[in-house]
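Throughout, protein chains are lettered first and strands after them, A, B, ... in sequence-line order, and every chain is numbered starting at 1.
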Amino acid sequence: MTPDKFISIEGITKRFPAPGGGTTTVFEDLWLSLKRGEFTCIIGHSGCGKTTVLNILAGLDVPTEGAVIVDGQAIEGPSIDRAVIFQSHALLPWRTVMGNVVYAVSSKWSRWSKADQQKQAQKFIDLVGLTGAEHKRPAELSGGMKQRVGIARALSIEPKIMLMDEPFSALDALTRGTLQDEVRRICVETGQTVFMITHDVDEAIYLADRIVMMSNGPDAVFAEIVENPLPKDRKRTDFHKHPLYYGVRNHIIDFLVTRSKIFAAEVQGGAFDKRHVPVVRPGVPVAVAASTAPATPPMPGLQRSSVASG
Amino acid sequence: MNLPMGVRAAILTIAIFVAFMLAWHVATQGSGPVAQMDPEYAKLMGKTATQGTSAMPGPLDVGSKLWEHLRQPFYDNGPNDKGVGIQLAYSIGRVAIGYFLAVAAAIPIGFLIGMSPLMSRALDPFIQVLKPISPLAWMPLALYTIKDSHLSSIFVIFICSVWPMLINTAFGVAAVRKEWLNVARTLEVGPVRRAFTIILPAAAPTILTGMRISIGIAWLVIVAAEMLVGGTGIGYFVWNEWNNLSITNVITAILLIGVIGMVLDQILARLTRLVTFPE
């Protein structure tokens, strides 16, 4: 196993029986590999099958064809090594904050003493900034705090990979910002591998190392992988002022608004290789490579750098 | 008047109560004409004909009778003269045994039905046919097979309280939120632990609602069942006092049945609140 292929999606296909007989293909023959410690966001329109891909990674759904290999092992059902943060937080309302996190900890380390399980839970409750709210029940928490509990629960079992399905979409803009900061801080500190679905382009640019663009369904494909050219130490306060920011943003928006619809034609043309999804670093002009930063945002020139290792 | 709603409701309750008591009191005074009749014949007639008073007891009669019962609820002067407390204890005991047997049967079977769509479909016809049967219709069959009137009345309580609990448990278990089950799946929680830590707490409010419906039905049915089987119990007491033509005792018993039923219902309502958590 190469370090580049910590998680390897290998030719997965999902089909559903269509209402009038026959089948509907949501997506077909998807290939993608994720590196250890990498933050990957997936962006695409509703109905392209993003959530299905995530559920397959979680083991909650099975592909009609193909397989997913995580750390050298094919996924066969859900595993405690892959934590899921649900869009609707999915906390157990009859348990306290501590109870919810301990539930996960005790599922992973059932032989630990109660005190050790609580210690582990407390560590992650502190990490997400919920110290003092341990004995509250989910109903007493705000939406942002609930999602923090969800994050603490996922992190407390020290998973190999964290899968997040639009974790912040139900939150207000301010709370979302703070939580994005927290998640980014925690992931950078712990080197957590993350696969996240989002609809928010700025969120993807702020959080992700690589952004996977998915074309519209049915018959959706991973159309392109955008490598985030912004520096790793970017800050929420000024990442949108970076000279490369608009290049990336425009490229993604352009894809979502126009290219995602017509991408199917490109695939039909036969030139598209599903096994080697093109990797782009938009907004990186030759001038930057020569280390002379331009005063105005550069045109989103496309530089096809390499292809994903298949 | 700007009194809080609770106080206003209480005033209205008391007003209605007083009005009803007054109307009852006046209606049972009775001052009808008294016919002159032969003393031998008068012995065969009721008080209405001979003295002009109503045969229906007034609220004061019932009140003093109630007080008499409450002062000495547990006396025992032989089979046909036991304190009302003893009779109620017999009834509550039968309801408790039949009800808890029903809980023990309905919750596991309800779990099975709720978790397995196959079992749900397979058992549905039986439930649909058995559920609408009046529990008293089972009584002859129970007496014939069990050959014990006490056990038969317990069986009748069992059979009447089992259905609401069974149906509610199956529904509650089948309706557990998918995302909670997914939490358990992603944490690799085993089936037994999942049943006790996810499904049971999630379905508990629905199960307890079923249990609350059942205890109400059981308390309704025990009175009728005891009228049939006789011997002991508040239902037998009511029927016995009817045979004694003691309407005062019948009304007293009716009141006590109502109060006990309310207490049973409130206990279950409290328990339901204990296991219900808002999200």
Side-chain angles (χ1 to χ4, degrees), chain A residues 51 54-62 75-97 99-110 117 136-143 146 149-150 153-154 156-165 170, chain B residues 103 107-108 110-111 114-118 121 165 168-212 267-279:
Chain A
T51 300
L54 186 127
N55 282 345
I56 289 171
L57 280 173
L60 294 172
D61 205 341
V62 281
I75 287 180
E76 284 166 7
S79 157
I80 200 156
D81 288 335
R82 283 167 271 129
V84 185
I85 295 180
F86 298 89
Q87 185 178 3
S88 53
H89 61 75
L91 299 180
L92 308 175
W94 54 89
R95 284 177 171 260
T96 60
V97 168
N100 268 284
V101 181
V102 163
Y103 189 69
V105 174
S106 64
S107 301
K108 172 132 183 183
W109 296 288
S110 55
Q117 291 174 351
K136 290 190 172 162
R137 289 189 203 278
E140 302 168 69
L141 304 176
S142 68
K146 282 181 199 163
V149 182
R153 178 171 65 184
S156 69
I157 51 174
E158 296 173 8
K160 285 181 182 170
I161 174 169
M162 222 155 71
L163 304 164
M164 304 163 94
D165 187 357
Chain B
V103 170
I107 291 180
F111 245 80
M115 291 177 78
S116 154
L118 174 72
R121 286 210 177 184
M165 287 193 270
N168 266 42
T169 304
F171 175 75
V173 167
V176 172
R177 294 254 297 268
K178 188 107 195 277
E179 56 186 34
W180 294 334
L181 296 173
N182 279 345
V183 167
R185 285 179 70 196
T186 56
L187 291 173
E188 291 187 68
V189 173
V192 176
R193 185 160 181 253
R194 187 181 63 210
F196 282 101
T197 59
I198 303 276
I199 298 171
L200 190 61
T206 322
I207 295 174
L208 269 143
T209 304
M211 290 173 71
R212 190 176 169 191
I267 291 171
L268 267 296
R270 282 282 160 81
L271 289 177
T272 310
R273 244 171 289 156
L274 272 182
V275 299
T276 307
F277 296 97
E279 283 171 54

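- Annotation for A:Ile80 and B:Leu187: closest pair CD1-O, 3.4 Å, computed over non-hydrogen atoms.
- Atoms CD1 and CH2, on B:Ile198 and A:Trp94 in that order, are 5.5 Å from each other to the nearest 0.5 Å.
- The contact between B:Val189 and chain A is made entirely by side chain atoms (from C-beta outward), counting heavy-atom distances below 4.5 Å.
- You'll find the side chain of B:Pro201 stays beyond 4.5 Å of the side chain of A:Arg95, heavy atoms only.
- No side-chain N or O of A:Ser88 forms a donor-acceptor pair with one of B:Arg177 less than 3.5 Å apart.
- The minimum heavy-atom distance between B:Val183 and A:Ala90, with the atom names listed, is CG2-O, 3.5 Å.
- Looking at every heavy atom in both residues, B:Glu179 comes nearest to A:Phe86 through O-CZ, 4.5 Å.
- Every side chain to side chain contact (heavy atoms under 4.5 Å, CB included) that B:Leu200 has, sequence neighbours left out, goes to B:Phe111, B:Phe196, B:Ile207.
- No part of B:Ala204 comes within reach of chain A, as not one of its non-hydrogen atoms sits under 4.5 angstrom from that chain.
- In terms of non-hydrogen atom pairs under 4.5 Å with chain B, the most contact-rich of A:Arg137, A:Arg153, A:Glu140, A:His89 is A:Arg137.
- Across all their heavy atoms, B:Pro278 and A:Ala139 have their closest contact at O-CB, 3.3 Å.
- With a 4.5 angstrom heavy-atom cutoff, B:Thr197 touches chain A via backbone and side-chain atoms both.
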Can I get a per-line list of side-chain donor-acceptor pairs under 3.5 Å for residues 55-62 of chain A, giving both atom names and the distance, sequence neighbours left out?
unit_1	atom_1	unit_2	atom_2	d
A:Asp61	OD1	A:Lys14	NZ	3.0

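- Within 6.0 Å of CZ in B:Phe277 there are more than 12 heavy atoms belonging to other residues, nucleotides or ligands.
- More than 12 heavy atoms of other shown residues, nucleotides or ligands fall within 6.0 angstrom of atom NZ in A:Lys160.
- Scanning both residues, B:Glu188 and A:Ser79, for their nearest heavy atoms gives OE2-CA, 3.2 Å.
- When atom types are taken as modelled, the side chain of B:Trp180 and the backbone of A:Leu91 share a donor-acceptor pair closer than 3.5 angstrom.
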